[in-house]
2 protein chains.
Amino acid sequence: MDSVMDSVVVPASQQALGIRQVSEETGLSIDTLRWYERVGLLPLVERASDGRRRYPPDALRFIRLVQALRRTGMPVADVRQFIELGGGELANHPERMALLERQCAQIEERMVELRDDLAVVQAKIETYRDLIARGLDCEDDLPDDMVEQLQADELLAGTLPAVPRRQR
Amino acid sequence: MDSVMDSVVVPASQQALGIRQVSEETGLSIDTLRWYERVGLLPLVERASDGRRRYPPDALRFIRLVQALRRTGMPVADVRQFIELGGGELANHPERMALLERQCAQIEERMVELRDDLAVVQAKIETYRDLIARGLDCEDDLPDDMVEQLQADELLAGTLPAVPRRQR
DNA sequence: GGTTGCGCTGGAGTGCACTCCAGCTCCTAG
DNA sequence: CTAGGAGCTGGAGTGCACTCCAGCGCAACC
């Protein structure tokens, strides 16, 4: 009985979703979902009899791929191109694959860049840690030339305040 | 003699750079460098007597920090805020450090996201590899239901072409 | 001494990716 | 039967981060 209910009447959670659910599920705004569809990023959205969007579960998986491409820096226009390759059936698979492989390469570059940039920021944090340690230790008895030294440090660390220096 | 020339007359490569050199060095366009300065991202640019920009080597290091922040997703407005904290001297160091630490956390999140998205794209590539292997193997003797099977695969893999299916 | 090249300025323009809106339809609850 | 809520459409608007441009100044070279 249960099984009849579950599998025949309502195939449960596998049913098409409304736009609101998809929005919550994916983190894309409702407006963005509609816009993606308009510009051709989401070809497989169906409609209920009253005109409302129904997203089959497949669409959800598809959206996640689109999100992955977008988040990793592929412009909307390129994503659309990738999707348009769907019309030509089998023949286009190698082309689509090549496109994805190019994207993978870019993601990897991006990761390297990100690692480097992280290192830069962390290095900068270290210099602050130093400056604070040395600066706050003796906060009240800094001789003038120590202050100058700190400024020089900061300068060397690449963070000059917009203050004239070297004069006076 | 050589050493006198090098160290006294021209401290060599350590001298201030023109905007063109900085542009080439950093990859930022000349326009962008000027614009960054206008909006307050580059406080330490000096001018030659004829009004042209001279970038001390410190500026170069500073620009690299700015680039790291920008590339890792910090909005220009936030970078400016960070820089404006420079005016207040020592007292602001903890705040600046905190700002950078927040940014670090975000970078790490971004890296995780990137890794996940890469996995999604790679998974998709795998499905294409499969489809191609199976599809191209028997390109000419595909029975109709095999074609259907491939389309279903593609659907499952999340890449439905904008073609009516299931009907007929 | 003209002209060529590089740089300067303030302001306008561009491209991208959404985001918002007015006015409509449909459905449901009271 | 009406009021409210969710969704729909086409089109306009927004925010960000540059990018381009006209008109000018200076310096060097021919």
Side-chain angles (χ1 to χ4, degrees), chain A residues 15-56 59-60 63-83 103 106 110 113 117, chain B residues 15-56 59-60 63-83 103 106 110 113 117:
Chain A
Q15 223 41 348
L17 302 174
I19 197 167
R20 181 163 300 271
Q21 276 102 53
V22 174
S23 167
E24 277 156 13
E25 201 75 22
T26 61
L28 293 172
S29 81
I30 289 177
D31 268 321
T32 298
L33 284 168
R34 287 200 275 244
W35 183 71
Y36 274 11
E37 196 181 332
R38 264 202 259 184
V39 299
L41 300 202
L42 300 182
L44 42 59
V45 183
E46 298 168 2
R47 299 308 176 99
S49 58
D50 63 352
R52 297 187 174 195
R53 288 168 177 78
R54 316 273 50 220
Y55 295 80
L60 210 37
I63 291 171
R64 287 201 214 288
L65 175 63
V66 170
Q67 279 186 293
L69 294 176
R70 286 289 303 116
R71 276 198 299 246
T72 58
M74 184 183 285
V76 165
D78 293 12
V79 178
R80 193 185 44 232
Q81 245 197 47
F82 168 75
I83 288 160
Q103 185 63 10
Q106 288 203 4
R110 185 85 194 79
E113 199 186 52
D117 290 339
Chain B
Q15 223 43 348
L17 303 174
I19 197 167
R20 183 163 298 273
Q21 277 102 54
V22 174
S23 168
E24 277 157 13
E25 202 74 22
T26 61
L28 294 172
S29 81
I30 289 177
D31 269 320
T32 298
L33 283 168
R34 287 200 276 245
W35 183 72
Y36 274 11
E37 196 181 332
R38 265 202 259 184
V39 298
L41 300 201
L42 299 181
L44 41 59
V45 183
E46 299 167 1
R47 299 307 177 101
S49 59
D50 63 352
R52 297 185 174 197
R53 289 169 178 80
R54 315 273 51 218
Y55 295 80
L60 211 35
I63 291 171
R64 288 200 214 286
L65 175 63
V66 170
Q67 280 186 294
L69 294 176
R70 286 290 303 115
R71 276 198 298 246
T72 58
M74 185 182 287
V76 164
D78 292 12
V79 178
R80 193 184 47 231
Q81 245 197 46
F82 168 75
I83 288 159
Q103 185 63 10
Q106 290 203 3
R110 186 85 194 78
E113 199 186 52
D117 290 339

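Given the structure is predicted, the values throughout are model-derived calculations rather than measurements.
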Check whether any side-chain N or O of [X] sits under 4.0 Å from OP1 or OP2 of [N], and answer yes or no.
{"X": "B:S29", "N": "D:dT19", "result": "yes"}
{"X": "B:T32", "N": "D:dA17", "result": "no"}
{"X": "B:Y36", "N": "D:dA17", "result": "no"}

Practice task
List the protein contact pattern of nucleotides 1-11 of chain D with one symbol per nucleotide (5' to 3'): B for base contact, S for sugar-phosphate-only contact, - for none; contact means a heavy-atom distance under 4.0 Å.
Solution key: ----BBSBBBB
So, do [X] and [Y] sit near enough that their side-chain heavy atoms are less than 4.5 Å apart?
{"X": "B:R52", "Y": "B:I19", "answer": "no"}
{"X": "A:L33", "Y": "A:I63", "answer": "yes"}
{"X": "A:L28", "Y": "A:Q67", "answer": "yes"}

Exercise for the section: Verify, without hydrogens or angle tests, whether A:Q21 (side chain) and A:G18 (backbone) share a donor-acceptor contact under 3.5 angstrom. Expected result: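 The answer is yes, because a donor-acceptor pair under 3.5 Å joins these two groups.
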Practice task
Kindly give the heavy-atom pair with the smallest separation between B:R110 and A:R71, and that separation in Å.
Solution key: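 In this case the closest contact between B:R110 and A:R71 is NH2-O, 2.6 Å.
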Handout entry: A:Q106 and A:T72: side chain donor to acceptor below 3.5 Å
Key =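 The criterion, which ignores hydrogens and geometry beyond distance, is not satisfied for A:T72 and A:Q106.
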Exercise for the section: Nearest whole angstrom, please: distance from the C1' of C:dG7 to the OH of B:Y55. Expected result: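 To the nearest whole Å, that distance equals 11 Å.
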Practice task
Send over the distance from A:W35 CH2 to D:dG15 C1', rounded to a whole Å.
Solution key: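 So the CH2-C1' distance, A:W35 to D:dG15, works out to 14 Å.
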Handout entry: Listed partners of A:S29 passing side chain to side chain contact (heavy atoms under 4.5 Å, CB included), at least two apart
Key =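 Per chain and number, A:S29 pairs via side chain to side chain contact (heavy atoms under 4.5 Å, CB included) with A:D31, A:T32.
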Problem - Stretch residues 69-77 of chain A: residues that reach within less than 4.0 Å of DNA chain C through a heavy atom - result: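 The stretch gives A:R70, A:P75, A:V76 as the residues lying under 4.0 Å from the strand, ordered by number.
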Handout entry: SB check A:R34 A:E37 (cutoff 4.0 Å)
Key =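 Between A:E37 and A:R34 there is no salt bridge, as every charged N stays at least 4.0 Å from the carboxylate O atoms.
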